Number of protein chains: 2
Amino acid sequence: MKSSAHETIKSKGYKLTHQRQLILSILEGSQTHLDAEALFLLAKRRDPKISLATVYRSLSTFKKIGLIQEQGFGEDHGHFETVSNKPHFHFTCSQCGQVTELRSKKIIRLIKELCQEEDLKMESMDLLIQGLCPVCQEKKSTSTTS
Amino acid sequence: MKSSAHETIKSKGYKLTHQRQLILSILEGSQTHLDAEALFLLAKRRDPKISLATVYRSLSTFKKIGLIQEQGFGEDHGHFETVSNKPHFHFTCSQCGQVTELRSKKIIRLIKELCQEEDLKMESMDLLIQGLCPVCQEKKSTSTTS
DNA sequence: ATGAAAATGCGAATTATTCTCAATTATATT
DNA sequence: AATATAATTGAGAATAATTCGCATTTTCAT
């Protein structure tokens with residue numbers, strides 16, 4: 001059975017400090033992808049003494065043990081989210097930036113097969129698709145510019 | 001018909017400077033994902049006067065018009081590559097960091113279908129998979145540490 | 001060729017991230 | 001519950017990455 005993130009931290013020999021618990025809980029509770037600064041600001045509301053360096057250190061530790069992943073697509077600096085066991089696909093509109101979550105069991109299965117064929121043990125996957133959302137397609141076809 | 005990157009730059013109203021041509025040609029010629037600094041160093045070999053700021057500015061322009069994409073996965077800062085019409089899948093080993101390129105016509109087709117179902121017009125896709133490469137799986141099973 | 005607007009190079013300014021080190025804290029052991 | 005010890009933290013300095021400001025140069029339409 002999959003143990004909680006807390007167990008994972010301890011099982012890897014890291015200490016379960018409450019700064020780490022706090023940061024983790026913020027990441028888990030957030031639907032958006034936070035960057036270090038945003039995370040720091042949120043964390044500070046619950047622990048005004050927490051340091052930005054600790055946020056960075058925690059993120060790098062979490063990343064090392066696979067609790068989170070960094071997303072750097074189209075952004076200027078790193079954004080983080082917890083790794084969910086359900087891999088998801090992000091469609092980002094190149095015009096308005098809106099993100100749509102997609103999912104497909106079939107595709108996930110095929111990707112897993114592809115990895116097995118190559119003898120790669122998959123831990124996580126993220127599919128990042130860029131293009132035009134329905135609204136922006138509409139806009140583009142309306143403004144009939146050359 | 002798809003016009004070349006040069007055409008794209010001009011068609012978007014940007015000037016085709018030779019710094020931009022140089023940077024683009026390096027990106028196109030490179031198989032790896034370069035970061036701004038590496039790109040700068042390479043560019044300097046052909047144009048010793050080029051400035052790092054120009055590299056950054058070009059990258060951001062290219063990104064805006066969709067010529068390149070930024071990859072920030074697992075790295076500390078942004079890496080870039082030209083958007084190819086052939087989407088590819090990256091498998092990154094979480095232990096050694098080695099990248100394996102994968103490809104699957106079937107998966108690409110399914111992803112396209114998925115987008116069509118949702119009325120999303122795809123421009124590019126990138127599948128980022130993380131896990132253990134064969135070598136690191138071997139290592140892990142050998143060192144039978146609790 | 002000429003002029004206007006855009007892009008460049010340079011260094012300074014800003015932001016993002018990492019490091020150092022003394023003080024604190026989590027955990028295993030008693 | 002108290003203690004030892006090794007990891008972690010906070011604070012700010014140090015470093016790295018990115019952007020900005022502006023004088024000069026270049027592109028491109030005329």
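Note that the structure is predicted; figures quoted are calculated from it, not measured. In what follows, chains carry the letters A, B, and so on, assigned in the order in which the sequence lines appear, proteins first and then strands, with residues in each chain numbered from 1.
Looking at residues two or more places apart in sequence or on another chain, you find a side-chain hydrogen bond (donor to acceptor under 3.5 Å, both in side chains) between B:S25 and B:R46.
For the pair A:F40 CZ and C:dT17 P, the interatomic distance rounds to 13 Å; values are reported in whole Å. Note: CG (A:D35) to P (D:dT18) measures 14 Å, nearest angstrom. For B:Q21 and C:dA6, the CD to P distance is 19 Å, given to the nearest whole Å. Atom pair B:K63:NZ and D:dT19:C1' shows a separation of 13 Å (rounding to whole Å applied). C:dA6 atom P lies 15 Å from atom CD1 of B:I65, rounded to whole Å. We find that CD1 of B:I9 is positioned 10 Å from P of C:dA7, with the value rounded to whole Å. Rounded to an integer number of Å, the gap from A:H6 NE2 to C:dA26 P is 13 Å. Following rounding to the nearest Å, A:E37 (CD) and C:dT18 (C1') show an atom-to-atom distance of 15 Å.
When atom types are taken as modelled, the side chain of A:Q137 and the backbone of B:D119 share a donor-acceptor pair closer than 3.5 angstrom. B:S58 places a side-chain N or O within 3.5 Å of a backbone atom of B:T54 that can act as its donor or acceptor partner.
With rounding to the nearest 0.5 angstrom, the CD atom of A:Q19 is 9.0 Å from the OG atom of A:S51. Taking CZ of B:R57 as the start and CZ of B:R20 as the end, the distance is 9.5 Å to the nearest 0.5 Å.
Residue A:F62 comes nearest to A:L24 through the heavy atom pair CE1-CD1, 3.7 Å, listed as atom of the first residue, atom of the second, then distance. Closest approach of B:L114 and A:S104 over heavy atoms only: CD2-CB, 4.0 Å.
Contact annotation: B:Y56 side-chain N/O to D:dT19 OP1/OP2 distance is not under 4.0 Å.
By the 4.5 Å heavy-atom criterion applied to side chains, A:L67 and A:I9 are counted as neighbours.
For the helix from C:dA1-D:dT30 to C:dT30-D:dA1, the rotation axes defined at the first and last 5 base pairs enclose an angle of 60°, given to the nearest 10°.
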Return a single string for nucleotides 5-16 of chain D, one symbol per nucleotide in 5' to 3' order, where B is base contact, S is sugar-phosphate-only contact and - is none, cutoff 4.0 angstrom on heavy atoms. -BSSBBBB----
Could you check A:I111 against B:L102 for side chain to side chain contact (heavy atoms under 4.5 Å, CB included), going step by step and ending with a plain yes or no? CA-CA 10 Å; A:I111 292 170; B:L102 302 169; over 6 Å; no
